[in-house]
Amino acid sequence: MTQSAIGVTRVPLSERAGVIRSLQILVMLGFVGTWEILSQVGVLDKFYYSRPTLIVPTIAEWITQPGTTLFRDIGVTLLETVLGFAIGTLAGVATGYAFARNHLLGAAFDPLFSMFNAIPRLVLAPVFILAFGIGLASKVALGVTLVYFIVFFATFTAVRDVDPAFIDNVRILGARRRDVTFQVLLPAALSAIVASLRTSAGFAFAGAVVAEYIGSNEGVGRRIAVAEAFFDSTGVFSGIVLIAMLALALDGLLQLVESRFSRWKPRRER
Amino acid sequence: MTEAVISLHGVSKVFHPPRQRPYVALEGIDLDIQAGRFVSVVGPSGCGKSTLLALVSGLLPATSGQIVLSGRPVSAVRSDVGFIFQRDALLPWRTVRENVALPLRFRGVPATVAGSQVTEWIARVGLSGFADNYPHELSGGMRKRAQLAQSLVNDPPVLLMDEPFSALDVQTRNLMENELLELWGASRKTVLFITHDLEEAIALSDELVVMTAGPAGTIKARYPIDLPRPRSVTEIRFSPAFVALYERAWNDLRDEVLRSYQRSLSAS
């Protein structure tokens with residue numbers, strides 16, 4: 001009160017970083033605590049839902065076990081994610097760009113692409129496992145199909161909807177065809193790719209994990225499948241928690257990349 | 001009499017939108033503009049005045065007639081003109097400095113030479129403190145200044161301006177108009193200026209061209225403007241000569257504005 005009386009503006013509670021952070025931790029603890037308590041008092045069946053005090057030691061054991069394969073599993077899953085993401089993005093950018101620049105091509109392929117895009121692509125996982133085997137290729141293939149369409153449509157719309165004033169302006173300023181491509185069209189596409197980066201990387205990760213779960217001999221998804229086969233719900237949840245952690249780390253990393261590439265955008269569009 | 005820098009003879013432009021009737025935007029345009037003159041074109045919306053600039057710059061091909069710019073017929077996009085667009089045309093992912101440097105970069109000017117020219121032009125339009133800002137960080141007026149610097153850094157003899165200040169508030173607009181006159185006075189480029197604002201057109205120009213309502217827009221009247229220079233656009237509007245000119249030109253323009261309005265009503 002004395003502070004506001006002398007005119008010092010107080011930062012509202014809802015905008016203080018410390019307050020927000022404490023609340024976030026409180027919510028997390030509340031969630032984990034409720035899970036634990038409900039499990040302890042028997043509302044949640046431990047057999048199906050496990051409990052945090054069982055999951056944490058399991059993950060710790062995975063990490064510390066002598067000769068643990070955990071890091072190899074994580075490495076495999078991340079490699080599949082990166083490959084699926086990279087191949088899907090390259091293919092999506094190349095075709096999205098070509099289709100946006102060539103109306104006839106875009107029109108001809110439109111129905112086919114709409115059809116493929118309408119298929120929930122996770123159902124393709126068994127197809128890829130049959131076709132490419134239980135190794136790396138089938139996981140990457142699923143990731144590619146997921147990433148491809150996101151990046152394709154993002155690039156396509158971005159390049160097609162480039163403000164014609166930008167193109168007219170640089171042409172008058174002396175741009176050749178190559179300059180228009182590198183100064184206007186590709187930066188517009190890059191901006192769309194960066195905007196879709198986190199979504200598409202998330203999908204590449206999901207594709208890798210799901211394909212591992214369905215048929216594989218290594219990877220994080222494989223761990224869940226094995227635990228499930230032994231009715232080991234703690235193992236399943238440990239795998240899920242691990243995946244969540246990895247996904248968060250990946251997303252955090254990409255957020256950094258995104259902000260690095262978005263400095264030119266107005267804040268509300270970032 | 002000096003040679004015409006911009007000359008149009010019997011120029012017309014017909015658009016062929018898919019699945020619609022062809023649209024005659026311009027018809028029978030004859031216009032000669034001498035070197036160093038500031039000429040404004042006014043007309044109601046839809047009269048084809050912006051199309052006229054697109055034809056002169058080569059962004060659009062004329063359907064018939066001949067356009068000669070700086071002694072050469074216009075057959076492709078001309079990069080020996082400056083063009084200020086109505087909309088923001090600065091690349092949003094480039095800073096002011098990078099945007100202004102574009103025309104030099106496209107021409108392969110060495111970075112060291114380009115750098116000093118760019119810095120000089122950024123200073124001339126008063127954006128020295130904002131050279132490393134992105135366009136979205138600037139106000140509308142500042143973005144227009146940056147566009148001016150971008151278009152002039154290469155020193156083109158002709159400047160084409162398509163309602164450049166119409167999106168600005170009145171005060172900023174008057175400021176920009178005065179600064180444009182200053183820049184023009186120092187360089188004496190040939191300017192073809194498109195606007196729907198009669199006051200702006202008279203205050204800035206040596207000659208006023210009034211167009212008829214579209215479709216098939218054409219030149220209705222031309223007025224020489226002999227008001228003394230240097231001018232201040234904010235003060236010249238009160239001079240009796242300005243008012244007299246305004247009244248004469250407005251008589252012409254009013255009929256066209258009404259016609260344009262009635263056509264838009266019957267079309268909808």
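The chains referred to below are lettered A, B, ... by the order of the sequence lines, with proteins before strands, and numbering in each begins at 1. These figures come from a predicted structure and were not determined experimentally.
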Next on the checklist: Can you tell me which portion of A/D168 sits under 4.5 Å from chain B's heavy atoms? Options are side chain, backbone, both or neither.
Outcome noted: both

Checklist entry - Which atoms of A/R178 come close to chain B, meaning under 4.5 Å heavy atom to heavy atom: side chain ones, backbone ones, both, or neither? => result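 Nothing of A/R178, per the 4.5 Å heavy-atom cut-off to chain B.
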
Please flag which part of [X] lies under 4.5 Å from any non-hydrogen atom of chain A: side chain, backbone, both or neither.
X: B/F83; answer: both
X: B/Q150; answer: both
X: B/D88; answer: backbone
X: B/L90; answer: backbone
X: B/Y134; answer: side chain
X: B/R78; answer: backbone

Checklist entry - Under a 4.5 Å heavy-atom cutoff, which of A/I172, A/L190, A/V184 has the most pairs with chain B? => result A/I172

Item to check | Residue among A/G174, A/A165, A/P164 with most heavy-atom pairs under 4.5 Å to chain B | outcome: A/G174

Next on the checklist: Just so I understand: if I count every heavy-atom pair under 4.5 Å between each of B/P92, B/P103, B/S79 and chain A, which residue has the most?
Outcome noted: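 The candidate making the most pairs under 4.5 Å is B/P92.
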
Between [X] and [Y], does at least one N-O distance fall below 4.0 Å, as a salt bridge requires?
X: B/E27; Y: B/K13; value: no
X: B/E207; Y: B/R37; value: yes
X: B/E200; Y: B/R173; value: yes

Next on the checklist: How close do B/A146 and B/V96 get, counting heavy atoms only, and between which atoms?
Outcome noted: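 That closest heavy-atom pairing would be CB-CG1, 4.3 Å.
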
Next on the checklist: Testing the basics here: between A/L173 and B/L102, what is the closest heavy-atom pair and its distance to 0.1 Å?
Outcome noted: CD1-CB, 4.5 Å

Next on the checklist: Can you classify the ring geometry of B/F38 versus B/F193 as parallel (below 30°), tilted (30 to 60°) or perpendicular (above 60°)?
Outcome noted: tilted

Checklist entry - Do the ring centers of A/F113 and A/F153 come within less than 6.0 Å of each other? => result no

Next on the checklist: Aromatic contact between A/F205 and A/F85, with the criterion being ring centroids under 6.0 Å apart: yes or no?
Outcome noted: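 So the answer is no for these two rings.
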
